[in-house]
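In what follows, every chain begins at residue 1, and chains take the letters A, B, ... in the order their sequences are listed.
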Amino acid sequence: MSNTIRTRFAPSPTGFMHVGNLRTALYEYLTAKHEGGTFVLRIEDTDQERYVEGATDVIYNTLKTAGLIHDEGPDLGGDYGPYVQSERVGTYLPFAKKLVEEGKAYYCFCTKERLEALREAQGNAISGYDRHCRDLSKEEVDKLLAAGTPYVIRQKMPLEGESTYHDLVYGDITVPNEDMDDQILIKADGFPTYNFANVIDDHLMGITHVVRGSEYLSSTPKYNKLYEAFGWEIPSYIHLPLIMGKSVDENGNETVSKLSKRHGSTGFMDLINDGYLPEAIINYIALLGWAPTDNQEIFSMEELIKAFDPKGISKSPSVFDYDKLEWMNGEYIKKMDSENFLKNAKPYYEKHNVSSDCYEMLEELLKPRITRFTQIDEKLEFMDSLANYEASLFEHKKSKSTIETSLASLEAAIAMLEEVEPSAWNKDNLGSIMTTLASQMEVKNSVIMWPVRIAAAGVPVTPGGCSEVLVLLGKDESLRRMRIGLDKLK
RNA sequence: GGCCCCAUGGUCAAGCGGUUAAGACGGCGCCCUCUCAAGGCGCAAUCAGGAGUUCGAUUCUCCUUGGGGUCACCA
């Protein structure tokens, strides 16, 4: 069991789960589950100033509805707890002090004001901290410490040479050592920085594969210096290409940039509220930056776990395409079983007073016509009330319908339909009545169907054909509307 | 600006020295059809540019260009 893969999702509780974060979580989950490994949830809340009420609930809810079930975490416990960094504050400082003792880190007493001035003086040629306190004498340090001077602890970085590490996606990455800042390990408030806590916790929690966005690609050597300083084994790295959004700049040119709120709904919950299904979102983002060895596009979570392979992760950033998500969502709706479909559609049925006798038929009609359940609303709008349409709506070239033919058709149809028993008011029967009428009148079916449908619906586009619309409206309402149509034609 | 990474149609992408350069979304057209969809068939559209290496480069190397990331007491 000691060589079991362990990955972690380590979000900070900001109250917002971006799809980029979610995809990272997905790949972390898949990386672990593909090998039967363990997926850990850790909350990184070392920034006290950014605390957001209820933000951890957003994380739990998102993971749960997305189907990314963690094996260890604040809510579940585990052998490596606690899983919230603010509850681990005590564990970091000793590690930092150990490095200080070994001469691998040092106390820094520089004020924020000094650092700010430094940055300003550097201007464009940003070169980081000037290592002002790096070589303070033991006496000076003790004196300042005794005086209660606020301090941070910084890590000593090598001044020359270069560092290389291997990434499973990007290959070997080499960075000049002189570019590595003497990063802060412990902040003045005693809390560890993200970088420090991250490394300590990943090690203590036995994380074997660090999966994260490619924005960490160039800072990873700094993390490795920490592992080296402690003599710990460096984990395997899987850096993920960024997700981009398309937008139009002030000059009207289309540009792409890192996905953010200005690209629309980019939060997982935003997408859910817009009517996208969790499974479809997961499926779509799984394919954003990763491709299977075959051409499969629709994946269940189980299939993803089976097929996932870091080798299929691409290196270049990918643009979030709402059109394709839309299509994929539609595919999921089409495949949905009746029970689930009804559960999602029922609120809209009720809003438009659809008879429960029509639920089954409506499912068939709606499935190929919607890509999101929210669209049902407008599809059923014609049922609420009859629109005040123009008689010209009856003219339709392709259906060979004119005002004259429509008048005749409607008159005949009304006469026929009035005789239909309410119990026989169903799709099949109404359909055969229409076609029979058409052959009696020696006209194409459409010459009957078109005007009847238009008169009943009052709008040119309906989710379904003539007989379906009649069934949806019921006998009385259908005939009422048809007579109104007849009047318009006279 | 320094450093790092990336580069196949509009988008997601397969490819891994020799291919008519897959497939999907979107677009367009046709068929089906009482509308709109769905479905079926088809079309257009890609190797950023330039040097090498090689018998042969989309595939390997370098340069250019373009794009992205990163340089916090944020995570």
Side-chain angles (χ1 to χ4, degrees), chain A residues 10-14 44-47 49-50 108 110 112 115-116 119 122-129 150-154 167 170-171 173-176 178-181 183-189 191 193-195 197-198 213-221 239 241-242 244 246 254-258 284 287-297 312 314-328 330 334 365-371 379 396 398-401 434 438 444-454 457 459-467 469:
Chain A
S12 44
T14 61
E44 307 221 332
D45 57 348
T46 55
D47 188 2
E49 290 174 19
R50 274 218 234 169
C108 171
C110 291
K112 284 188 183 179
L115 295 178
E116 236 164 76
R119 247 191 302 275
Q122 284 172 169
N124 261 345
I126 304 161
S127 56
Y129 179 56
Y151 66 87
V152 301
I153 295 179
R154 310 186 89 114
D167 181 85
Y170 288 89
I173 307 290
T174 302
V175 173
E178 58 182 329
D179 288 347
M180 287 190 240
D181 210 18
Q183 61 180 337
I184 291 174
L185 271 22
I186 301 290
K187 297 185 272 190
D189 62 5
F191 271 65
T193 56
Y194 162 81
N195 301 297
N198 200 261
S214 67
E215 63 263 32
Y216 294 97
L217 215 44
S218 53
S219 56
T220 297
H239 284 96
L242 264 16
M244 316 289 279
K246 219 184 279 178
E254 211 169 64
T255 57
V256 292
S257 56
K258 194 172 164 183
Y284 175 66
L287 262 23
L288 249 199
W290 174 80
T293 48
D294 58 11
N295 268 332
Q296 187 173 349
E297 292 228 83
S314 62
K315 300 176 182 176
S316 42
S318 36
V319 176
F320 193 93
D321 183 9
Y322 286 93
D323 283 341
K324 186 137 190 186
L325 207 213
E326 192 81 38
W327 165 79
M328 194 168 275
K334 273 179 237 160
L365 293 180
L366 257 14
K367 268 185 174 171
R369 267 169 259 255
I370 59 169
T371 49
K379 299 269 186 236
H396 187 71
K398 243 183 82 199
S399 308
K400 301 214 185 307
S401 290
M434 301 290 169
K444 286 186 67 179
N445 288 343
S446 62
V447 174
I448 305 295
M449 306 279 215
W450 176 268
V452 170
R453 200 186 110 253
I454 293 299
V459 291
V461 177
T462 55
C466 165
S467 39
V469 169

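Counting atom types as modelled, A:Lys324 pairs a side-chain N or O with a base atom of B:rA24 as donor and acceptor under 3.5 Å.
Comparing B:rC25, B:rA38, B:rA75 by their closest approach to the side chain of A:Asp323 singles out B:rC25. Closest to the A:Glu215 side chain, of the nucleotides B:rG68, B:rC12, B:rU70, is B:rU70. For A:Arg453, the side-chain atoms get nearest to B:rC34 when compared with the rest of B:rC34, B:rG69, B:rG2. In the set B:rU35, B:rC25, B:rU70, B:rU35 carries the atom at the smallest distance from any side-chain atom of A:Thr462. In this structure, of B:rG69, B:rC5, B:rA75, it is B:rG69 that holds the atom nearest to the side chain of A:Ser218. Comparing atom distances between the A:Trp327 side chain and each of B:rG39, B:rU33, B:rC25 picks out B:rC25 as nearest. For A:Val461, the side-chain atoms get nearest to B:rU35 when compared with the rest of B:rC5, B:rU35, B:rC12. In this structure, of B:rC73, B:rA72, B:rG69, it is B:rA72 that holds the atom nearest to the side chain of A:Asp181. Among the nucleotides B:rU35, B:rC3, B:rC34, the one closest to the side chain of A:Pro176 is B:rC3. Among B:rC6, B:rC34, B:rA72, the nucleotide with an atom closest to any side-chain atom of A:Met449 is B:rC34.
B:rU11 sits 23 Å from B:rC16 when the P atoms are compared, rounded to a whole Å. Comparing the P positions of B:rC60 and B:rG15 gives a spacing of 12 Å, expressed to the nearest Å. B:rA22 and B:rC47: their C1' atoms are spaced 14 Å apart (whole Å). The same atom, C1', is picked in B:rC41 and in B:rU33; the two are 16 Å apart, to the nearest Å.
When side chains are defined from C-beta on, A:Thr220 does not count as touching A:Ile173, because their heavy atoms never get closer than 4.5 Å.
Residue A:Lys334 qualifies as enclosed at atom NZ: its count of foreign heavy atoms under 6.0 Å is above 12.
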